[in-house]
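Here's the structure we're looking at; comments come further down.
Read the numbers this way: they start at 1 and go in the same order the structure lists the ligands and their atoms. Below, each value reflects all heavy atoms present in this structure, side chains not excepted, and no hydrogens, waters or symmetry copies.
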Amino acid sequence: MGKKKERMNFKEIGEFGFIDKIKDNCIVNENLVIKGIGDDCAVVQTENSENYLLITTDLLIEGVHFLLERIPFFDLGYKSLAVNISDISAMGGIPRHALISIAIPQNQKVDNIIELYDGMKEIARLYNIDLVGGDTSSSKSGLFIGITLIGEVKKDEIIYRRGSKIGDIIYVTSYLGDSAGGLDIILNHPNEINNKTYKSLLQAHFRPTPNVNEGRIIATSKIATSMIDISDGISSDLRHICNQSGVGAIIYEEKIPVSNTLKEYCNSYNLDYSKFTLSGGEDYILLFTLPASHAGYIENLFYNHFKKNLYKIGEICKESEISIIDYNRKEKKLEVYGWDHFS
Ligand code: ADP
Ligand code: MG
């Protein structure tokens, strides 16, 4: 047994298999840690506060998460903080303080890194976040950006990944697939990068808009049973909700919201947009569940606040699998195509 363990490599166990192996015996102070490994943020409490602290961190590596010749420095800074803000939004929280760690190759230009910080400061200002510190190092290979973001949420408003119940409705807060469409332009049709028709796809990819206000409305309504942000693609992120809640799900492909711009792009290049919507990822919108009896209430509340719709894409069910009813009304198993660092 022990020997077999040693021989296992990362490709075999995958990113989530690895996290599963290290997640035990991490917590010494059970009374202070409400949720450790396994959700969008760690949830901790300090004495005498009516709020929980939410803590999240993300590491972005040149050549793995981004290519410097494909993203402007400003946007790279903007997006690096955006992905962390999104994790705070996924628990219904308010982002507050950020720490930025960066490792820079010797030959990198100072102006570029200042521009990267300008991008971070721009989104920090938009979301009322303070950049309060970090760490700086040289790097022997490529640029590394590590961001830790701290937020807070009232104890009775927090929403976890676990908690969805059989019969709950599954909602998403916006279109899916725009960011993946933008990435497809960059990688496969770079001649379209300056085409104004597709601007919103590139914008979704370079400067995603975390749904903090949407998350707050959902949290303060206190009727959602689970929530996650869509970072790796719906097939992977809905699975996290199902695994943590011990349920299955069924989703309807025709109910998945797709922007007209993405449809237009896919039509002109003869692409199937479901690969962008189901497994594209980097949407940074929210997916949440609530009992069917509250559907009308949340839809009205959302419309009154934002003048936009919520999208009902499916239901939570008993089976442990996730199925999808496709455009031809055929039911099939939804495969996980989401991002795994070691696959
Ligand atoms: P997200 O996509 O929402 O950022 P991840 O899939 O990266 O979340 O992480 C899932 C969970 O595993 C989170 O609770 C995260 O804090 C935890 N985690 C990821 N990597 C590590 C690690 N190397 N050590 C400890 N916890 C980790
Ligand atoms: Mg997340």
Ring centres under 6.0 Å, that's the criterion: do Phe18 and Phe10 meet it?
yes
Donor-acceptor pair between Asp135 and Ser101 side chains, under 3.5 angstrom
no
Number the atoms of ligand 1 from 1 as they appear, then name those within less than 4.0 Å of a heavy atom of Ile37, with their elements.
12 (O), 14 (O), 17 (C), 25 (C), 26 (N)
Within reach of ligand 1, part of Asp87 (heavy-atom separation under 4.0 Å)
side chain
Excluding sequence neighbours, so at least two apart, what forms ring pair (Phe, Tyr, Trp, His ring centres under 6.0 Å) with Phe306?
Phe302
For atom 8 (O) of ligand 1, which of Met91, Glu15, Arg161 has the closest heavy atom?
Arg161
Salt-bridge contact Glu254-Arg329 (side-chain N to carboxylate O under 4.0 Å)
yes
Residues forming a side chain to side chain donor-acceptor pair (under 3.5 Å) with Thr225, sequence neighbours excluded
Asp168, Thr289
Would Asp229 count as being in polar contact with ligand 1, using the rule that some N or O on each side must be under 3.5 angstrom apart?
no
By number and element, which atoms of ligand 1 are closer than 4.0 Å to a non-hydrogen atom of Ser231?
2 (O)
Which atoms of ligand 1 are found less than 4.0 Å from any heavy atom of Ile22?
24 (N), 25 (C)
Between Asn267 and Tyr273, is there a side-chain donor-acceptor contact under 3.5 Å, judged purely by atom types and distance?
no
With heavy-atom distances below 4.0 Å as the criterion, list the atoms of ligand 1 near Gly38.
11 (C), 13 (C), 14 (O)
